Amino acid sequence: MEYGVTRMLMLQRAIPSVKVDISIELLAKLREYLREPRSRAELQKFCEIKSRDHFRNKILIPLIDSKKIKLTIPDKPTSSKQKYVWNDN
């Protein structure tokens, strides 16, 4: 088994209901980075991912669905002023 695959399996155990295309190291860094509310563009740049669709579908939405990240404006999920913060609950 490749090292990257092993890390993905470990991450899926940490977040069992969601398949997230992200390393454990990046997830830990995101947890710290999201202590303050950040926009999608800020998060995408932090993760060094160029494709907006890939970032949204493979990382952002799964983390929101797993309740690891929460929206600052939950009533308006598509707001241009939407920001995201780590959910410690």
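Quantities reported herein were computed from a predicted structural model and do not represent experimental measurements. Residues take their numbers from the sequence shown, with the count starting at 1. Basis for what follows: all heavy atoms, side chains included, without hydrogens, waters or symmetry-related copies.
Side-chain contact between K81 and K76 is absent, with no heavy-atom pair separated by less than 4.5 Å. Side-chain contact check for L43 versus K83: every heavy-atom pair is 4.5 Å or farther apart. Contact check for V85 versus R38: no side-chain heavy atoms found under the 4.5 Å cut-off. The shortest side-chain heavy-atom distance between Q44 and R52 falls under the 4.5 Å cut-off. Counting heavy atoms from C-beta outward, K70 and Y84 have side chains that stay 4.5 Å or more apart. Counting heavy atoms from C-beta outward, L26 and I59 have side chains that stay 4.5 Å or more apart.
Shortest non-hydrogen contact noted between S79 and I73 is OG-CD1, 4.0 Å. Shown here for W86 and K68, the closest heavy-atom pair between the two residues is CD2-O, 3.5 Å.
For the atom pair H54 NE2 and C47 SG, the distance stands at 9.5 Å (nearest 0.5 Å). Distance check: L30 CG to R35 CZ gives 11.5 Å after rounding to the nearest 0.5 Å. In this structure, the separation between CG on L34 and CG on D88 is 10.5 Å, given to the nearest 0.5 Å.
Residue R56 places its CZ atom among 12 or fewer non-hydrogen atoms of other residues, nucleotides or ligands, all under 6.0 Å distant.
Linking ILVMFWY residues whenever their side-chain heavy atoms come closer than 4.5 Å, directly or via other members, places F46 and L60 in the same cluster.
Judged by distance alone, the side chain of Q82 and the main-chain N or O of S39 form no donor-acceptor pair under 3.5 Å.
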